*Asks:* 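Can you read through this structure? Questions will come right after.
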Amino acid sequence: MKRLRILPLIPFTLTLAAAILPTSASAAQQQYPEGAKIPRSMTDEEAAWIAANPLSNKHSATAPPPGSIYCPPEYAPMDGILIAWEGGGSWTTILAKMAEQITSVGNADVHVMVDTSSEESSARSKLISYNVNMSRVTFHVLKTDTIWIRDYGPRYIYQGNVRSIVDHTYNRPRANDNKQPTYFGGAMGHERYEIPLTHGGGNYHLDALGFGYTTRLIINENTNLTEQQIHDYWMDFQNLDTQFFTPLPSNIDSTQHIDMWMQVISDDEVVISDWPSQSGSTQDNRCDNAAVTMANLGFTVYRTPARSLSGTHYTYTNVVMCNDLVLIPRYSNGTISQYNSQALATWQAAMPGKTIVQIDAQDIVTSAGVLHCIVMHLPAYLGGVNPTALMLTPNGGESYGTGDQVEVQWISDDDEGAVSSELQLSTDGGSTWPTTIASGLPPTGSYTWTVPSVSTSSARLRVIVSDGSGNTGDDASDSDFSIGGASAALIPYGTGKAGSLGVPLLSSQTLPVLGTTAVLDVDQALPNGSVKLIRGFATDSMPFDFGIVLVDYDTIYDLSINGSGHAEFSGNVPNQSGLAGLSVYWQAWIPNDPAAFGAGWACSNGLETRLGY
């Protein structure tokens, strides 16, 4: 596929693009005046700015979330909806009408981003005037640039029973918008992970079975990555196997986002646009092809009208699902309004158990988005009245020595906000927890733990999280880890002498942990020959046949080499704590190798096996 620039130029200029300052392409960061109706799509001014200042990942990419990951779909239970109080006038009226439905029929909270405390006051007055249940409204004083929070807001996952955020770099030069997930994660006490993708959140849908859906706009936005690499990032960060679709032409939909023509409404149902007045058009064919693809994947496909008129994409799939409520757009344009009743009937048939409410979106649709574009979902908290927690590290299988500095990491969640946490140590697999490591710690965070002088193969850590009401929740390491006077280790040393396959190599894939079986591997030895494996408890440096004996040995083991030049030796490491820290030294000598200089002895490097935990 031919790849385009990071962000394509929009083929038409929207009226309020001039509100974006400054206009000099190489000037400082773009500014967005309060009350300006900034379009969802990228303006010509923004495109010129990006041409001089290419977008890159504005955050530091993180490692993917550890542990079990589940990414909830929009039809899953929701605690809240996020909105940004931007655009002024009729745009905030749309937000107010939506909030009234969300806080009543939708049985959810509304989190409102406001630039200042003064704006909070005016927003509060407007929401009250539209009969919004204000007990379910939370204001966040945070400067945003635009209303389009779907594209820059936080994408939520569950790690176990803890909500966390997967963030991306917003595909617009809107710096304040791009910071919103970082702020919101901090305000809610939710861990944030940074996926290394430039992206707009409206170009991603998903179901509850582990599948995601996007358009190949994402490839144009990340030209340094292949489609497979992008797919793998979503798998690593969100545990989603993503299906890629061809986007609609940019002259039909300037965002090229999937939410403008598709919405997944259940594990096996989807609504996709149809184009009755533009049958056979490129957009119609692409939606038809997507409908066939989804049907082949086992989905029941519902079709709802769409139309492109005078540069505006009128969509009825850009909807907001919130528990038992579905908000769908309607339009007052004389040419388009004929489709309002058809769209309502489609949604009522597709979701018969839900309350379908139409919201007039005529004033905002000309700015390249409607209802779905101006909200972000906050999924339900899973812990009831008690906090939830997840121990990230150590989580089992590790081995530590006395005095080791270990970074303990945990995350938590709560319905009202956790306030503190405590770390505890068990040395009997979690049967008892007699040792408090630290208390008064943040509810989510890390702590540098100095490993104590104990010996056990059954250690676990537990974090206990408390909220302001005194409720607690906890999580412990999934399995045991080991603590001892010394950590098991493998330490190669010295050099060998070449034979037929080069210098023989002595190594091991298993640490000499007390109570386990250790295996030593000899490779690159004379095929079908034999090995003298020498063992001792000290090193040596005695010359022999142009090689060096590296072990002060007391025992010799005779091994056979296979046709590939490999031999191995296995033995049980005693489970005796007094042996922790003991070093055993090994070297392999191969006789009668015709390629070995001198008397025909080839030899390997030395290998120190330090017994421990």
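All values derive from a computational prediction rather than experimental measurement.
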*Asks:* Distance-only, no hydrogens or angles: does the Asp545 side chain make a donor-acceptor pair with backbone N or O of Ala599 under 3.5 Å?
*Replies:*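 Flag set: sc Asp545 to bb Ala599 pair under 3.5 Å.
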*Asks:* Check whether any side-chain N or O of Thr393 sits under 3.5 Å from a backbone N or O of Asn395 as a donor-acceptor pair, and report yes or no.
*Replies:*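 Side chain of Thr393 to backbone of Asn395, a donor-acceptor pair under 3.5 Å: no, none is there.
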*Asks:* Can a donor-acceptor pair be found, under 3.5 Å and without considering hydrogens, that links the side chain of Thr432 to the backbone of Pro434?
*Replies:*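 Checked: no pair found.
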*Asks:* If we ignore angles and hydrogens, is there a donor and acceptor under 3.5 Å between the side chains of Asp540 and Tyr585?
*Replies:*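 Tyr585 and Asp540 do not have a side-chain donor-acceptor pair below 3.5 Å.
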*Asks:* Can you list the steps and then say if Leu607 with Ile491 is a side-chain contact (heavy atoms from CB on, under 4.5 Å)?
*Replies:* CA-CA 6 Å; Leu607 182 65; Ile491 307 170; 5.9 Å; no
*Asks:* When you measure from the side chain of Thr427 to the backbone N and O of Ala459, does any donor-acceptor pair fall under 3.5 Å?
*Replies:*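 A pair under 3.5 Å: no.
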*Asks:* Under the criterion side-chain hydrogen bond (donor to acceptor under 3.5 Å, both in side chains), I'd like the reasoning laid out for Thr517 against Asn572: C-alpha separation, chi angles, the key distance, then a yes or no.
*Replies:* CA-CA 4 Å; Thr517 299; Asn572 295 324; 2.9 Å; yes
*Asks:* Can the ring centres of Trp234 and His168 be said to be less than 6.0 Å apart?
*Replies:*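 No - the distance between ring centres of Trp234 and His168 does not fall below the 6.0 Å cut-off.
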*Asks:* Where the side chain of Ser560 meets the backbone of Ser530, is there a donor-acceptor pair that is under 3.5 Å apart?
*Replies:*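 Not at all, since once roles are kept as given, no pair shorter than 3.5 Å links the two residues.
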*Asks:* A side-chain contact here means heavy atoms from C-beta on lying under 4.5 Å apart; do Leu297 and Phe211 qualify?
*Replies:*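 Contact flag for Leu297/Phe211 side chains = no.
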*Asks:* Does Thr214 offer a backbone N or O that forms a donor-acceptor pair with the side chain of Asn203 under 3.5 Å?
*Replies:*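 It does not hold such a pair.
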*Asks:* Any idea how Tyr183 and His140 line up, ring-wise: parallel (<30°), tilted (30 to 60°), or perpendicular (>60°)?
*Replies:*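 Rings of Tyr183 and His140: perpendicular, as their planes differ by over 60°.
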*Asks:* Is Asp523 reaching over with its side chain to a backbone N or O of His566, donor-acceptor style, under 3.5 angstrom?
*Replies:*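 Looks like no, no N/O pair under 3.5 Å.
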*Asks:* Would you mind telling me which of Arg192, Gln159, Arg155 makes a side-chain hydrogen bond (donor to acceptor under 3.5 Å, both in side chains) with Ser164?
*Replies:*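 Checked Arg192, Gln159, Arg155 against Ser164; only one passes side-chain hydrogen bond (donor to acceptor under 3.5 Å, both in side chains): Gln159.
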*Asks:* Considering non-hydrogen atoms only, spot the tightest contact between Pro181 and Ile165 and give its length.
*Replies:*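 So the two residues come closest at O-CD1, 4.0 Å.
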*Asks:* Please check: side-chain N/O of Asp475 versus main-chain N/O of Met391, any donor-acceptor pairing under 3.5 Å?
*Replies:*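 Looks like yes, one N/O pair under 3.5 Å.
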*Asks:* For Leu550, does its backbone N or O pair with a side-chain atom of Tyr493 as donor and acceptor, under 3.5 Å?
*Replies:*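 Checked: pair present.
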*Asks:* In sequence, state the C-alpha distance, the side-chain angles, and the governing distance for Leu506 and Asp521, and then conclude on side-chain contact (heavy atoms from CB on, under 4.5 Å).
*Replies:* CA-CA 6 Å; Leu506 179 61; Asp521 296 297; over 6 Å; no
*Asks:* Would His377 and Tyr156 count as a close aromatic pair, with their ring centres under 6.0 Å?
*Replies:*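 His377 vs Tyr156: aromatic centres not under 6.0 Å.
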*Asks:* Report yes or no: do Asp428 and Ser426 form a side-chain donor-acceptor pair below 3.5 Å?
*Replies:*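 Side chains of Asp428 and Ser426: pair found under 3.5 Å.
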